[in-house]
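Each remark here refers to the structure printed beneath this line.
These figures come from a predicted structure and were not determined experimentally.
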Amino acid sequence: MFRATEIGSEETLPAIAELTQTTANSLSDFGEHEKLRKPRISLPNYGFAPISNIRLEYKYPRAVCFILATKFFEAFAANGMRTILVLFLRDDLSFTESFSTIVLHIFNFFGQFCPIIGAILADSYMGNVRTISGFCFLYGFGWLLLTMTSVPLVGMSSTAFLLVSISFIAVGNGSVRACITSLGALQFKLPEQAVHLAEYFSFYYFVYYFGIFLSKIIPPLIRANTQCFDKTTCYPAVFGTLGSSFMMAWIIFLIGKCFYKKEKLFGDNILFKYCGCIKTALVEKWRHRKSAKRCSYWLQNAIGPYEVNFVNDVSKVLRITKLFIPLPVYFALLAQQDSSWTFQATMMNTTVLGVTIEPDQAKAVGPIFLFMLIPLWQYVTVPLLRRLFHWELKPLHSVTLGGICSAAAFLCAGILQDRIMQSPSQSINIVWQLPQFLLLMMGELLLSIPGLQFAFTQAPSSMKSVVTAAWFLNNAFGNLIVVIITQLDALSSQKAEYFFYAVLMLVCIIIFTLLAYEYGLQELKSDMQTGDLVVLLPNATDNVPSPSSRSGSV
């Protein structure tokens, strides 16, 4: 099982954000005379486990089993939709590849944008259980409508009902995904069950990606081996299977309601407060633009309506999110496994070692590579680098290497596309797609995971949910980039498009490197100012963190 700190994804971070803010209070109530024992295994503490790495005798929450099962079936349904959508649009509904690509990436956009909406509703107004329950009705209706749309005998207008149904599915999927993670984490008593919580995140990640893996294998099998309505493929059977998987997730979630803990609502949403602080600072800066007593830093204009510490936290988050500016391009590359790379696979010979696979099954190699690369990197490469060279790859340097690997993946895709265009149809074997998938998953390993971990650990404890929201938007805008480039149709061929994305990624990673260098200088300046403050005000050391206490290195 993989350690969750090394593989923390956007799926797990909303829960960590909420728990990090609430655990400090519970630590003060942690009794010294409780019956303690050593944990079974050594797992990461996410910054809030007891210092002595101990845990109390508490039973593993039953509710977590229902939540993990819910996530497995829901992840299978949602990602199965992404697996087969473009081929359904092109082959069954006779849409162009460009339109099919646009629809898929709009679907992905809402799936990555709506977690922010779900998190706001859950944290401040409705709670996770009620939020999930409400959006499941929309989610389920989308699956029902999509299945009916795919049946020719129903006589429904395919385009209109299709767009409505997949919109419902995207909004439902996006709105519940962060809530499911948070709901599972809230079932643990902290800090006493911090090690159990670490186990939960590890299980959650495995269940989530196992669902993704199966979603890239089973739906294409059903599509290819089922015939209905005088067609060689049966998409109603595929959508019916995926819809049934979601219904199973919904039923399991409803049964689990008997075990979920009661939730506390915070009322004041930190994301709204964050945006309000920036708005106030900009308005006040405009009002005092001609004043002689202008603030040296524009965000200081918000001091008064907002506390000084909160304004400083906002400033810190702005510096972190500034690093995100070039990263949507990376997510634009990552998202094309389900669109342009699938279309590329349809032009290739898909027989491997005597076994014929479906074109939309080829991308299952991505999760397989990732499952192999994570332990290889974590337990072999990193320890060897430390032991032999006394060197460790820092997070921001890792992001740069990940971006280069992702650009190389699309360079390979462009070269392969050129060979396909110059050869007879179906003559190039699909094995030649393996290098680009391997490089793209290396990018995922080196960029996505360390980048998000760095941003989350560097963010102030009160602002971790804001950083999580910003990461979701990275992914959403990445899909929007694909939509815009595809809609403009300014490139002469698919080969040119692959090379364009490779060059664009290289340019953006250079910009990221410059921003990371500037961030390092700002952090060094901040450390020096903190050191001066400690020298001038020795009694202030209890309130000012030392430079060495920072949670992550640049």
Side-chain angles (χ1 to χ4, degrees), residues 82-105 216-217 219-221 223-224 232-233 329-330 332-369 404-444 479 481-483 485-506:
R82 296 182 175 96
T83 298
I84 53 92
L85 181 59
V86 290
L87 294 186
F88 168 66
L89 295 173
R90 188 193 69 174
D91 299 338
D92 202 70
L93 300 184
S94 302
F95 290 125
T96 64
E97 289 189 1
S98 296
F99 181 79
S100 303
T101 300
I102 289 172
V103 171
L104 172 66
H105 289 286
K216 298 182 185 302
I217 298 293
L221 278 178
R223 174 186 61 79
T232 57
T233 57
V329 174
Y330 160 74
L333 271 60
L334 190 66
Q336 292 188 61
Q337 297 174 84
D338 292 321
S339 55
S340 63
W341 284 17
T342 299
F343 290 135
Q344 185 183 66
T346 62
M347 297 183 283
M348 305 179 71
N349 177 10
T350 58
T351 301
V352 181
L353 300 177
V355 178
T356 301
I357 63 174
E358 296 301 318
D360 41 355
Q361 286 181 320
K363 53 199 170 190
V365 74
I368 294 175
F369 276 141
I404 294 173
C405 289
S406 302
F410 269 70
L411 182 63
C412 289
I415 295 173
L416 178 58
Q417 188 69 27
D418 182 62
R419 287 193 60 191
I420 292 172
M421 294 168 61
Q422 295 179 4
S423 305
S425 177
Q426 312 291 325
S427 62
I428 306 296
N429 195 276
I430 200 162
V431 172
W432 287 102
Q433 273 198 330
L434 291 180
Q436 63 199 57
F437 275 106
L438 177 60
L439 286 168
L440 192 64
M441 290 303 102
M442 288 179 64
E444 176 81 349
N479 283 277
I481 288 173
V482 179
V483 172
I485 292 176
T486 304
Q487 183 65 33
L488 290 176
D489 196 22
L491 299 169
S492 59
S493 64
Q494 185 62 64
K495 178 187 72 173
E497 189 171 303
Y498 286 142
F499 287 139
F500 171 77
Y501 277 113
V503 173
L504 183 62
M505 185 71 247
L506 288 175

Do [X] and [Y] make a side-chain contact, defined as non-hydrogen atoms from C-beta onward lying under 4.5 Å apart?
X      : Y      : answer
Tyr330 : Met505 : yes
Arg419 : Trp432 : yes
Phe369 : Leu440 : no
Leu87  : Thr346 : yes
Gln336 : Tyr501 : yes
Val482 : Glu497 : no

Separation between [atom1] of [X] and [atom2] of [Y], rounded to the nearest 0.5 Å:
X      : Y      : atom1 : atom2 : answer
Ile481 : Leu504 : CD1   : CG    : 7.0 Å
Met348 : Ile420 : CE    : CD1   : 4.5 Å
Met442 : Leu439 : CE    : CG    : 6.5 Å
Ile428 : Gln426 : CD1   : CD    : 10.5 Å
Gln494 : Glu97  : CD    : CD    : 7.5 Å
Met347 : Ser427 : CE    : OG    : 11.5 Å

Where [X] and [Y] come nearest, the two heavy atoms and their spacing:
X      : Y      : value
Gln344 : Ala413 : NE2-O, 3.2 Å
Gly443 : Cys405 : N-CB, 4.0 Å
Lys363 : Thr83  : NZ-O, 2.8 Å
Ala407 : Leu333 : N-CD2, 4.3 Å
Ser339 : His105 : OG-NE2, 2.9 Å
Phe343 : Val86  : CZ-CB, 3.7 Å

Looking at Tyr498 and Ser340, would you say the former's side chain and the latter's main chain have a donor-acceptor pair under 3.5 Å?
yes
Within the side chain of Asn429, is there an N or O that forms a donor-acceptor pair under 3.5 Å with the backbone of Thr351?
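Checked: pair present.
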Does Gln487, at its CD atom, have more than 12 non-hydrogen atoms belonging to other residues, nucleotides or ligands within less than 6.0 Å?
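Open.
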Under the side-chain hydrogen bond (donor to acceptor under 3.5 Å, both in side chains) criterion, do Ser98 and Thr486 qualify, and how do the steps go?
CA-CA 6 Å; Ser98 296; Thr486 304; over 6 Å; no
Show the numbers, then the answer: is there a side chain to side chain contact (heavy atoms under 4.5 Å, CB included) between Ile430 and Val352?
CA-CA 8 Å; Ile430 200 162; Val352 181; 3.7 Å; yes
Holding to ring pair (Phe, Tyr, Trp, His ring centres under 6.0 Å), I want the full list of residues that pass it with Phe437, two or more places apart in sequence or in another chain.
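By the ring pair (Phe, Tyr, Trp, His ring centres under 6.0 Å) rule, Phe437 matches Trp341.
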Step by step, would you call Gln436 with Leu416 a side chain to side chain contact (heavy atoms under 4.5 Å, CB included)?
CA-CA 9 Å; Gln436 63 199 57; Leu416 178 58; 3.6 Å; yes
So, Asp338 and Arg82, do they make that salt bridge, N to O below 4.0 Å?
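Looking at Arg82 together with Asp338, the answer is no, because their closest N to O distance does not fall below 4.0 Å.
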So the salt bridge (Lys or Arg N to Asp or Glu O under 4.0 Å) pairs with at least one residue in residues 344-361 (sequence neighbours excluded) are Arg223-Glu358, Arg223-Asp360
